[in-house]
A.B. asks: 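Quick one: the structure is below, and I'll ask about it shortly.
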Amino acid sequence: MIKTCLIATSLVLAATTAAHAGGAAGSIGLGAEFDLSGVGGVSLDYDAGMFNTGLALGFADPDGPDNTTFDVSGRFYWHVAKTAMADFGLGGALALQTVEAAGATPNTSTTNVNFYLEPGFQIRVFIVSNVALSFDAGLTIGVAHDTGVAITGQGLNGEAGVTYYF
């Protein structure tokens, strides 16, 4: 999945035109980001100045049968501190992951659905005016759906991403 994300991000970056400064109100970014639970992939971000929000989509089909995953996540961070080249935001993410798994009987499969609530913080550092590295940390709370509702805290986690702003 990482290889797919890097290829897609490279193609998008190679096809872009002149960019405006990132972190400015109204800028849109493309990149690769993963939420605290590891859910993520190719991302689309919107920076409104006082906050940034985004969506990430991921897909993986490793070798072997019955192991396909599909990820979608959304995040929102309110900027509590901001400089010309960085910002610090509080907020979090919601993530949904479907994982195909082998069934109880031969030649069958089942789909497990994982839902994550992720309150935390994000630091974005602009290494140039339109490219940001993001670092997230916080608490991941997993909610299982197939066996009733089971809430499990997975502890403190951290993830990273890169975004190119247009």
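The figures that follow rest on heavy atoms only: side chains count, while hydrogens, waters and symmetry mates do not. Just so it is clear, the model here is predicted, and its values are computed rather than measured.
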A.B. asks: Return the set of residues passing ring pair (Phe, Tyr, Trp, His ring centres under 6.0 Å) with Phe76 (not counting sequence neighbours), or none when no residue passes.
C.D. replies: Phe51
A.B. asks: Give a yes or no on whether a salt bridge exists between Arg75 and Asp136, defined as a side-chain N under 4.0 angstrom from a carboxylate O.
C.D. replies: no
A.B. asks: If you measure from CZ on Arg124 to OH on Tyr165, what distance do you get to the nearest 0.5 Å?
C.D. replies: 4.0 Å
A.B. asks: Of all residues at least two apart in sequence or in a different chain, which pass the ring pair (Phe, Tyr, Trp, His ring centres under 6.0 Å) check with Phe88?
C.D. replies: Phe121
A.B. asks: Indicate yes or no: at least one non-hydrogen side-chain atom of Val42 is less than 4.5 angstrom from one of Leu57.
C.D. replies: no
A.B. asks: Let me check something: do Ile141 and Val99 share a hydrophobic cluster, defined by ILVMFWY side-chain heavy atoms less than 4.5 Å apart, either directly or through other members?
C.D. replies: no
A.B. asks: Begin with the C-alpha distance, continue with both residues' side-chain angles, and end with the deciding distance and a verdict on side-chain hydrogen bond (donor to acceptor under 3.5 Å, both in side chains) for Glu100 and Thr69.
C.D. replies: CA-CA 6 Å; Glu100 187 179 353; Thr69 64; over 6 Å; no
A.B. asks: Quick check: is Met50 connected to Ile123 through a chain of hydrophobic side chains (ILVMFWY, heavy atoms under 4.5 Å apart)?
C.D. replies: yes
A.B. asks: Can you check whether Leu96 reaches Asp71 side chain to side chain, under 4.5 Å on heavy atoms?
C.D. replies: no
A.B. asks: Going by the rule side chain to side chain contact (heavy atoms under 4.5 Å, CB included), which residues pair with Ile127 if we only count those two or more places apart in sequence or in a different chain?
C.D. replies: Val131, Leu133
A.B. asks: What's the spacing between Tyr77 OH and Leu90 CG if we round to 0.5 Å?
C.D. replies: 9.5 Å
A.B. asks: Which residues pass the side chain to side chain contact (heavy atoms under 4.5 Å, CB included) test with Tyr46, sequence neighbours left out?
C.D. replies: Ile28, Ala48, Thr53
A.B. asks: Please test Asn52 against Gln122 for side-chain hydrogen bond (donor to acceptor under 3.5 Å, both in side chains), starting from the C-alpha separation and ending with a verdict.
C.D. replies: CA-CA 10 Å; Asn52 66 294; Gln122 180 184 66; 3.2 Å; yes
